[in-house]
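Here is the naming used below: chain letters follow the sequence lines, and residue numbers restart at 1 for every chain. No hydrogens, no waters, no symmetry mates; every other heavy atom, side chains included, goes into these values.
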2 protein chains.
Amino acid sequence: MSAIASTDPGGKNRGVTADLALDEINKQIIEHLQRDGRMSYATLAKTIGLSEAAVRQRVQRLLDGGLMQIVAVTDPLTLGFARQAMVGLKVNGDLRAIADEIAAIPEVDYVVICAGGFDLLVELVCTDDEHLLDLLNEKVRTIKGVAVCETFMYLKLAKQTYAWGTR
Amino acid sequence: MSAIASTDPGGKNRGVTADLALDEINKQIIEHLQRDGRMSYATLAKTIGLSEAAVRQRVQRLLDGGLMQIVAVTDPLTLGFARQAMVGLKVNGDLRAIADEIAAIPEVDYVVICAGGFDLLVELVCTDDEHLLDLLNEKVRTIKGVAVCETFMYLKLAKQTYAWGTR
DNA sequence: GATCAACTCTGCGATAAACGCAGTGTGCCG
DNA sequence: CGGCACACTGCGTTTATCGCAGAGTTGATC
(Lines give C-alpha, C1' and ligand atoms only; values in the text may rest on other atoms or scores of the structure.)
Protein backbone atom coordinates (compact mmCIF):
# COMPACT_ATOMS: atom_id res chain seq x y z
CA MET A 1 0.00 0.00 0.00
CA SER A 2 2.97 2.23 0.27
CA ALA A 3 2.66 2.87 -3.42
CA ILE A 4 -0.64 4.43 -2.61
CA ALA A 5 0.52 6.35 0.39
CA SER A 6 -0.11 9.47 -1.62
CA THR A 7 -3.73 8.54 -2.23
CA ASP A 8 -4.19 7.24 1.28
CA PRO A 9 -2.43 9.75 3.49
CA GLY A 10 -3.97 8.54 6.69
CA GLY A 11 -3.02 4.99 6.00
CA LYS A 12 -6.53 3.88 6.85
CA ASN A 13 -6.37 1.26 4.14
CA ARG A 14 -3.53 -0.57 5.79
CA GLY A 15 -5.80 -3.26 7.16
CA VAL A 16 -7.79 -3.50 3.97
CA THR A 17 -4.83 -4.07 1.73
CA ALA A 18 -3.38 -6.66 4.03
CA ASP A 19 -6.63 -8.59 3.75
CA LEU A 20 -6.69 -8.56 -0.03
CA ALA A 21 -5.57 -11.88 -1.37
CA LEU A 22 -3.15 -11.73 -4.25
CA ASP A 23 -3.90 -15.02 -5.96
CA GLU A 24 -2.69 -16.19 -9.33
CA ILE A 25 -5.56 -14.52 -11.16
CA ASN A 26 -4.85 -11.13 -9.62
CA LYS A 27 -1.20 -11.53 -10.47
CA GLN A 28 -2.09 -12.20 -14.08
CA ILE A 29 -4.35 -9.16 -14.14
CA ILE A 30 -1.59 -6.96 -12.74
CA GLU A 31 0.98 -8.30 -15.18
CA HIS A 32 -1.22 -7.54 -18.14
CA LEU A 33 -2.12 -4.07 -16.92
CA GLN A 34 1.54 -3.32 -16.24
CA ARG A 35 2.06 -3.61 -19.98
CA ASP A 36 -1.10 -1.85 -21.08
CA GLY A 37 -3.10 -0.02 -18.46
CA ARG A 38 -5.99 0.61 -20.85
CA MET A 39 -6.51 -3.02 -21.85
CA SER A 40 -10.24 -3.70 -21.93
CA TYR A 41 -11.88 -5.88 -19.30
CA ALA A 42 -13.20 -8.02 -22.14
CA THR A 43 -9.84 -8.98 -23.64
CA LEU A 44 -8.35 -9.27 -20.17
CA ALA A 45 -11.12 -11.72 -19.31
CA LYS A 46 -10.56 -13.73 -22.47
CA THR A 47 -6.80 -14.12 -21.97
CA ILE A 48 -7.20 -15.02 -18.32
CA GLY A 49 -10.23 -17.25 -18.74
CA LEU A 50 -12.74 -15.54 -16.52
CA SER A 51 -15.94 -13.66 -17.14
CA GLU A 52 -15.72 -10.00 -17.98
CA ALA A 53 -17.70 -9.03 -14.88
CA ALA A 54 -15.42 -10.99 -12.59
CA VAL A 55 -12.30 -9.35 -13.99
CA ARG A 56 -13.94 -5.98 -13.65
CA GLN A 57 -14.70 -6.67 -9.98
CA ARG A 58 -11.15 -7.79 -9.28
CA VAL A 59 -9.57 -4.79 -10.97
CA GLN A 60 -11.89 -2.49 -9.07
CA ARG A 61 -10.95 -4.18 -5.82
CA LEU A 62 -7.24 -3.91 -6.58
CA LEU A 63 -7.66 -0.21 -7.32
CA ASP A 64 -9.92 0.52 -4.35
CA GLY A 65 -7.71 -1.43 -1.98
CA GLY A 66 -4.70 0.53 -3.16
CA LEU A 67 -2.74 -2.50 -4.29
CA MET A 68 -2.48 -1.11 -7.80
CA GLN A 69 -3.00 2.18 -9.55
CA ILE A 70 -3.40 2.78 -13.25
CA VAL A 71 -1.83 6.04 -14.33
CA ALA A 72 -0.12 7.85 -17.16
CA VAL A 73 3.61 8.20 -16.64
CA THR A 74 5.90 10.61 -18.42
CA ASP A 75 9.48 11.73 -18.20
CA PRO A 76 9.34 15.31 -16.85
CA LEU A 77 12.94 15.93 -17.90
CA THR A 78 12.36 15.03 -21.53
CA LEU A 79 9.17 17.05 -21.60
CA GLY A 80 11.22 20.01 -20.52
CA PHE A 81 9.04 20.85 -17.58
CA ALA A 82 11.13 20.00 -14.61
CA ARG A 83 14.44 19.84 -12.89
CA GLN A 84 14.57 16.50 -11.16
CA ALA A 85 16.87 15.25 -8.44
CA MET A 86 17.42 12.39 -6.04
CA VAL A 87 18.30 13.37 -2.51
CA GLY A 88 20.06 11.00 -0.14
CA LEU A 89 19.43 11.73 3.52
CA LYS A 90 21.04 10.57 6.74
CA VAL A 91 18.77 11.21 9.70
CA ASN A 92 18.49 10.87 13.46
CA GLY A 93 15.28 9.83 15.16
CA ASP A 94 12.14 8.10 13.91
CA LEU A 95 12.73 7.10 10.31
CA ARG A 96 9.05 6.53 9.57
CA ALA A 97 7.99 9.88 10.98
CA ILE A 98 10.60 11.75 8.99
CA ALA A 99 9.73 9.78 5.87
CA ASP A 100 6.08 10.72 6.27
CA GLU A 101 6.97 14.34 6.83
CA ILE A 102 9.00 14.41 3.62
CA ALA A 103 6.32 12.50 1.76
CA ALA A 104 3.89 15.31 2.58
CA ILE A 105 5.89 17.75 0.41
CA PRO A 106 4.05 18.06 -2.93
CA GLU A 107 7.20 18.25 -5.03
CA VAL A 108 8.35 14.93 -3.61
CA ASP A 109 7.17 12.05 -5.77
CA TYR A 110 9.18 9.18 -4.29
CA VAL A 111 10.36 8.39 -0.79
CA VAL A 112 12.00 5.15 0.24
CA ILE A 113 13.46 4.08 3.56
CA CYS A 114 16.62 2.10 2.94
CA ALA A 115 19.73 0.54 4.41
CA GLY A 116 23.23 1.65 3.48
CA GLY A 117 24.98 4.96 3.19
CA PHE A 118 21.64 6.80 3.26
CA ASP A 119 18.61 6.24 5.44
CA LEU A 120 16.21 7.86 3.02
CA LEU A 121 16.13 8.32 -0.73
CA VAL A 122 13.88 11.10 -1.94
CA GLU A 123 13.08 12.04 -5.51
CA LEU A 124 12.13 15.64 -6.23
CA VAL A 125 10.37 17.18 -9.22
CA CYS A 126 10.94 20.91 -9.56
CA THR A 127 10.33 23.53 -12.18
CA ASP A 128 13.85 24.96 -12.10
CA ASP A 129 17.04 25.27 -10.07
CA GLU A 130 15.68 28.00 -7.87
CA HIS A 131 12.69 25.89 -7.03
CA LEU A 132 15.03 23.04 -6.15
CA LEU A 133 17.13 25.30 -3.96
CA ASP A 134 14.03 26.58 -2.15
CA LEU A 135 12.87 23.06 -1.52
CA LEU A 136 16.16 21.81 -0.17
CA ASN A 137 16.81 24.88 1.90
CA GLU A 138 13.39 25.45 3.39
CA LYS A 139 11.48 22.19 3.27
CA VAL A 140 13.95 19.32 3.45
CA ARG A 141 16.94 20.47 5.47
CA THR A 142 14.75 22.19 8.05
CA ILE A 143 13.15 18.91 9.07
CA LYS A 144 14.25 17.93 12.57
CA GLY A 145 16.61 14.97 12.52
CA VAL A 146 18.01 15.48 9.03
CA ALA A 147 21.78 15.27 9.49
CA VAL A 148 23.16 14.85 5.97
CA CYS A 149 21.57 15.84 2.68
CA GLU A 150 23.29 14.91 -0.59
CA THR A 151 21.72 15.92 -3.89
CA PHE A 152 22.05 14.13 -7.22
CA MET A 153 20.73 16.26 -10.03
CA TYR A 154 19.23 14.29 -12.90
CA LEU A 155 20.84 14.76 -16.29
CA LYS A 156 19.02 12.11 -18.31
CA LEU A 157 16.53 9.39 -17.60
CA ALA A 158 17.83 6.33 -19.43
CA LYS A 159 15.21 3.78 -18.46
CA GLN A 160 11.89 3.67 -16.69
CA THR A 161 9.65 0.64 -16.75
CA TYR A 162 6.87 -0.70 -14.57
CA ALA A 163 6.39 -4.18 -16.00
CA TRP A 164 8.47 -6.04 -13.45
CA GLY A 165 5.86 -8.73 -13.15
CA THR A 166 4.54 -10.15 -9.93
CA ARG A 167 6.93 -13.04 -9.30
CA MET B 1 11.28 9.23 -24.99
CA SER B 2 13.70 8.32 -22.31
CA ALA B 3 10.82 7.09 -20.26
CA ILE B 4 10.16 4.67 -23.07
CA ALA B 5 13.71 3.65 -23.62
CA SER B 6 12.66 0.21 -22.54
CA THR B 7 10.01 -0.01 -25.23
CA ASP B 8 12.16 1.66 -27.84
CA PRO B 9 15.54 0.02 -27.53
CA GLY B 10 16.80 1.22 -30.87
CA GLY B 11 15.91 4.76 -30.06
CA LYS B 12 14.39 5.12 -33.50
CA ASN B 13 11.61 7.24 -32.10
CA ARG B 14 13.94 9.93 -30.93
CA GLY B 15 13.18 12.15 -33.89
CA VAL B 16 9.49 11.47 -33.72
CA THR B 17 9.13 12.40 -30.09
CA ALA B 18 11.13 15.55 -30.54
CA ASP B 19 8.66 16.62 -33.22
CA LEU B 20 5.61 16.08 -31.07
CA ALA B 21 4.24 19.35 -29.84
CA LEU B 22 3.17 19.43 -26.22
CA ASP B 23 0.53 22.12 -26.32
CA GLU B 24 -1.90 23.08 -23.58
CA ILE B 25 -4.43 20.47 -24.65
CA ASN B 26 -1.91 17.65 -24.48
CA LYS B 27 -0.81 18.87 -21.08
CA GLN B 28 -4.38 18.76 -19.86
CA ILE B 29 -4.80 15.26 -21.24
CA ILE B 30 -1.65 14.08 -19.48
CA GLU B 31 -2.63 15.69 -16.20
CA HIS B 32 -5.99 13.96 -16.21
CA LEU B 33 -4.54 10.60 -17.14
CA GLN B 34 -1.88 10.96 -14.44
CA ARG B 35 -4.73 10.84 -11.95
CA ASP B 36 -6.81 8.16 -13.67
CA GLY B 37 -5.24 6.26 -16.51
CA ARG B 38 -8.51 4.54 -17.40
CA MET B 39 -10.57 7.70 -17.78
CA SER B 40 -12.72 7.35 -20.87
CA TYR B 41 -12.03 9.38 -23.99
CA ALA B 42 -15.59 10.65 -23.78
CA THR B 43 -15.35 12.21 -20.33
CA LEU B 44 -11.84 13.41 -21.10
CA ALA B 45 -13.21 15.13 -24.19
CA LYS B 46 -16.03 16.73 -22.22
CA THR B 47 -13.79 18.15 -19.49
CA ILE B 48 -11.26 19.46 -21.99
CA GLY B 49 -13.77 20.72 -24.51
CA LEU B 50 -12.77 18.76 -27.59
CA SER B 51 -14.44 16.05 -29.62
CA GLU B 52 -14.02 12.48 -28.47
CA ALA B 53 -12.26 11.50 -31.68
CA ALA B 54 -9.74 14.30 -31.38
CA VAL B 55 -8.85 13.36 -27.82
CA ARG B 56 -8.50 9.75 -28.90
CA GLN B 57 -6.10 10.74 -31.66
CA ARG B 58 -4.01 12.85 -29.33
CA VAL B 59 -3.76 10.17 -26.66
CA GLN B 60 -2.80 7.63 -29.31
CA ARG B 61 -0.11 9.96 -30.62
CA LEU B 62 1.26 10.56 -27.13
CA LEU B 63 1.43 6.82 -26.54
CA ASP B 64 2.86 5.95 -29.95
CA GLY B 65 5.41 8.71 -29.76
CA GLY B 66 6.54 7.47 -26.39
CA LEU B 67 5.84 10.72 -24.58
CA MET B 68 3.48 8.97 -22.20
CA GLN B 69 2.65 5.45 -21.15
CA ILE B 70 -0.40 4.24 -19.31
CA VAL B 71 0.38 1.40 -16.95
CA ALA B 72 -0.56 -0.27 -13.72
CA VAL B 73 1.91 0.45 -10.95
CA THR B 74 2.29 -1.51 -7.75
CA ASP B 75 4.67 -1.62 -4.82
CA PRO B 76 6.60 -4.89 -5.19
CA LEU B 77 7.87 -4.68 -1.62
CA THR B 78 4.43 -4.44 -0.09
CA LEU B 79 3.16 -7.21 -2.32
CA GLY B 80 5.92 -9.36 -0.90
CA PHE B 81 7.34 -10.35 -4.25
CA ALA B 82 10.59 -8.57 -4.47
CA ARG B 83 13.74 -7.34 -2.85
CA GLN B 84 14.34 -3.88 -4.22
CA ALA B 85 17.46 -1.75 -4.14
CA MET B 86 18.95 1.45 -5.48
CA VAL B 87 22.50 1.20 -6.71
CA GLY B 88 24.74 4.22 -6.99
CA LEU B 89 27.53 3.85 -9.55
CA LYS B 90 30.68 5.79 -10.30
CA VAL B 91 31.99 4.98 -13.74
CA ASN B 92 34.76 5.72 -16.21
CA GLY B 93 34.12 6.11 -19.92
CA ASP B 94 30.99 6.82 -21.94
CA LEU B 95 28.16 7.46 -19.49
CA ARG B 96 25.44 6.98 -22.08
CA ALA B 97 26.82 3.68 -23.32
CA ILE B 98 27.13 2.28 -19.81
CA ALA B 99 23.64 3.54 -18.95
CA ASP B 100 22.23 1.76 -21.99
CA GLU B 101 24.09 -1.41 -21.11
CA ILE B 102 22.63 -1.38 -17.60
CA ALA B 103 19.19 -0.47 -18.92
CA ALA B 104 19.26 -3.67 -20.94
CA ILE B 105 19.22 -5.79 -17.77
CA PRO B 106 15.62 -6.98 -17.24
CA GLU B 107 15.72 -6.64 -13.46
CA VAL B 108 16.62 -2.97 -13.82
CA ASP B 109 13.52 -0.80 -13.89
CA TYR B 110 15.06 2.65 -13.52
CA VAL B 111 18.31 4.17 -14.75
CA VAL B 112 19.19 7.83 -14.47
CA ILE B 113 22.37 9.66 -15.36
CA CYS B 114 23.08 12.28 -12.72
CA ALA B 115 25.54 14.76 -11.30
CA GLY B 116 26.98 14.46 -7.81
CA GLY B 117 28.56 11.70 -5.82
CA PHE B 118 27.27 9.11 -8.27
CA ASP B 119 27.21 9.15 -12.05
CA LEU B 120 24.39 6.67 -12.35
CA LEU B 121 21.46 5.72 -10.14
CA VAL B 122 19.98 2.32 -10.88
CA GLU B 123 16.92 0.74 -9.31
CA LEU B 124 16.75 -3.04 -9.16
CA VAL B 125 13.78 -5.35 -8.61
CA CYS B 126 14.77 -8.83 -7.46
CA THR B 127 13.00 -11.84 -6.06
CA ASP B 128 15.33 -12.28 -3.10
CA ASP B 129 18.77 -11.50 -1.70
CA GLU B 130 20.48 -14.21 -3.71
CA HIS B 131 18.98 -12.83 -6.88
CA LEU B 132 20.26 -9.38 -5.90
CA LEU B 133 23.71 -10.75 -5.20
CA ASP B 134 23.80 -12.52 -8.55
CA LEU B 135 22.80 -9.37 -10.34
CA LEU B 136 25.34 -7.14 -8.66
CA ASN B 137 28.13 -9.66 -8.93
CA GLU B 138 27.62 -10.88 -12.48
CA LYS B 139 25.66 -8.24 -14.37
CA VAL B 140 26.41 -4.85 -12.87
CA ARG B 141 29.94 -4.93 -11.49
CA THR B 142 31.26 -6.80 -14.53
CA ILE B 143 30.39 -3.92 -16.85
CA LYS B 144 33.52 -2.25 -18.12
CA GLY B 145 34.02 1.18 -16.62
CA VAL B 146 32.12 0.59 -13.39
CA ALA B 147 34.48 1.81 -10.67
CA VAL B 148 32.30 2.11 -7.57
CA CYS B 149 29.05 0.33 -6.80
CA GLU B 150 27.13 1.22 -3.64
CA THR B 151 23.90 -0.57 -2.83
CA PHE B 152 20.94 0.81 -0.87
CA MET B 153 18.51 -1.95 0.03
CA TYR B 154 14.91 -0.82 0.23
CA LEU B 155 13.18 -1.31 3.56
CA LYS B 156 9.93 0.50 2.91
CA LEU B 157 8.46 2.55 0.14
CA ALA B 158 6.91 5.57 1.85
CA LYS B 159 5.61 7.47 -1.15
CA GLN B 160 5.20 6.96 -4.86
CA THR B 161 3.15 9.27 -7.03
CA TYR B 162 3.04 10.11 -10.71
CA ALA B 163 0.72 13.12 -10.76
CA TRP B 164 3.40 15.79 -10.79
CA GLY B 165 1.51 17.70 -13.42
CA THR B 166 3.04 19.17 -16.52
CA ARG B 167 4.02 22.63 -15.28
C1' DG C 1 -2.70 34.90 -54.52
C1' DA C 2 -4.07 30.42 -56.06
C1' DT C 3 -3.05 25.61 -55.37
C1' DC C 4 -1.76 21.75 -53.02
C1' DA C 5 -0.37 18.82 -49.30
C1' DA C 6 -0.23 17.86 -44.53
C1' DC C 7 -2.50 18.12 -40.47
C1' DT C 8 -6.13 18.28 -37.00
C1' DC C 9 -10.62 18.60 -35.98
C1' DT C 10 -15.79 17.23 -36.22
C1' DG C 11 -19.82 14.24 -36.87
C1' DC C 12 -21.77 10.01 -37.20
C1' DG C 13 -22.97 5.16 -37.82
C1' DA C 14 -21.45 0.45 -36.64
C1' DT C 15 -19.30 -2.20 -33.39
C1' DA C 16 -17.66 -3.34 -28.99
C1' DA C 17 -17.14 -2.67 -24.19
C1' DA C 18 -18.69 -1.37 -19.63
C1' DC C 19 -22.19 -1.39 -16.29
C1' DG C 20 -25.72 -3.08 -13.11
C1' DC C 21 -28.20 -6.66 -11.41
C1' DA C 22 -30.32 -10.98 -10.56
C1' DG C 23 -29.20 -15.59 -10.01
C1' DT C 24 -26.02 -19.64 -9.05
C1' DG C 25 -22.40 -22.25 -6.93
C1' DT C 26 -19.13 -22.87 -3.06
C1' DG C 27 -17.06 -22.69 1.33
C1' DC C 28 -17.60 -21.67 6.15
C1' DC C 29 -19.53 -21.47 10.66
C1' DG C 30 -22.98 -21.89 14.17
C1' DC D 1 -28.65 -28.82 8.13
C1' DG D 2 -29.49 -23.91 7.49
C1' DG D 3 -27.84 -19.48 6.90
C1' DC D 4 -24.41 -16.39 5.46
C1' DA D 5 -20.65 -14.34 2.88
C1' DC D 6 -18.30 -14.35 -1.14
C1' DA D 7 -17.03 -14.69 -5.92
C1' DC D 8 -18.48 -15.85 -10.34
C1' DT D 9 -21.77 -16.08 -14.46
C1' DG D 10 -25.18 -14.46 -17.83
C1' DC D 11 -27.55 -11.03 -19.90
C1' DG D 12 -30.05 -6.74 -21.12
C1' DT D 13 -29.18 -1.83 -21.12
C1' DT D 14 -26.34 1.92 -21.47
C1' DT D 15 -22.19 3.90 -22.76
C1' DA D 16 -17.89 4.21 -25.01
C1' DT D 17 -14.78 3.08 -28.78
C1' DC D 18 -13.57 2.69 -33.44
C1' DG D 19 -13.14 3.87 -38.26
C1' DC D 20 -13.98 6.89 -41.76
C1' DA D 21 -15.50 10.67 -44.63
C1' DG D 22 -15.53 15.46 -44.84
C1' DA D 23 -14.47 20.34 -43.30
C1' DG D 24 -11.39 23.86 -41.72
C1' DT D 25 -6.32 25.59 -41.07
C1' DT D 26 -1.80 26.17 -41.84
C1' DG D 27 2.26 26.65 -44.51
C1' DA D 28 4.99 25.90 -48.56
C1' DT D 29 5.40 26.31 -53.58
C1' DC D 30 4.85 28.05 -57.97
note = Tested for side chain to side chain donor-acceptor pair (under 3.5 Å) against A/His131, the lone hit among A/Asp134, A/Thr127, A/Asp128, A/Asp129 is A/Thr127
key: Side-chain H-bond candidate by donor/acceptor type, B/Tyr41 with B/Gln57, under 3.5 Å   = no
request  = Report, as yes or no, whether the 6.0 Å neighbourhood of atom CD on A/Glu138 holds more than 12 heavy atoms from other residues, nucleotides or ligands.
outcome  = yes
query = Taking for each residue the nucleotide of DNA chain C bearing the nearest heavy atom, is the 5' side occupied by A/Gln57 or by A/Thr43?
reply = A/Thr43
Candidates D/dC18, D/dA16, C/dA18 - which lies nearest the side chain of B/Ala42 = D/dA16
ask   = Quick one: B/Tyr41 OH to C/dC9 P, roughly how many Å, whole number?
value = 14 Å
key: d(CD1, B/Ile29; P, C/dT8) in whole Å   = 12 Å
remark   = Rounded to whole Å, CG of A/Leu62 lies from P of D/dA7 at a distance of 12 Å
inquiry  = How many whole angstroms separate atom CG of A/Leu44 from atom P of C/dA16?
reply    = 18 Å
remark   = Of A/Ile25 and B/Gln60, the one whose closest nucleotide on DNA chain D sits nearer the 5' end is A/Ile25
note = note: B/Arg56, atom CZ; C/dA16, atom C1'; distance rounded to Å ~ 12 Å
task = Verify the distance criterion only: is there a donor paired with an acceptor across the side chains of A/Tyr162 and B/Gln69 at less than 3.5 Å?
result = no
inquiry  = Applying a 4.0 Å non-hydrogen cut-off, can you work out what B/Ala53 is touching in the nucleic acid: base, sugar-phosphate, or nothing?
reply    = base
request  = Select one nucleotide: of D/dA16, C/dA17, D/dT9, the one nearest the side-chain heavy atoms of B/Ser40.
outcome  = D/dA16
key: Derivation and outcome, side chain to side chain contact (heavy atoms under 4.5 Å, CB included), residues B/Val59 and B/Ile29   = CA-CA 8 Å; B/Val59 169; B/Ile29 290 173; 3.7 Å; yes
message = From the set C/dG20, C/dC12, C/dC9, return the single nucleotide nearest to any side-chain atom of B/Glu52.
response = C/dC12
query = For B/Ala54, which contact category applies under a 4.0 Å heavy-atom criterion: base, sugar-phosphate, or nothing?
reply = base
task = Starting from C1' on D/dT9, measure out to CZ on A/Arg58 and report it in whole angstrom.
result = 14 Å
remark   = Taken to the nearest whole Å, CG/A/Asp64 to P/D/dA7 is 13 Å
inquiry  = Looking at C/dT8, I'd like to know if its phosphate oxygens (OP1 or OP2) sit under 4.0 Å from a side-chain N or O belonging to B/Arg61.
reply    = yes
key: Spacing between A/Lys46 atom NZ and D/dT9 atom P, to the nearest angstrom   = 15 Å
message = Using heavy-atom distances to pick each residue's nearest nucleotide on DNA chain D, tell me which of A/Arg38 and A/Gly49 is more 5'.
response = A/Gly49
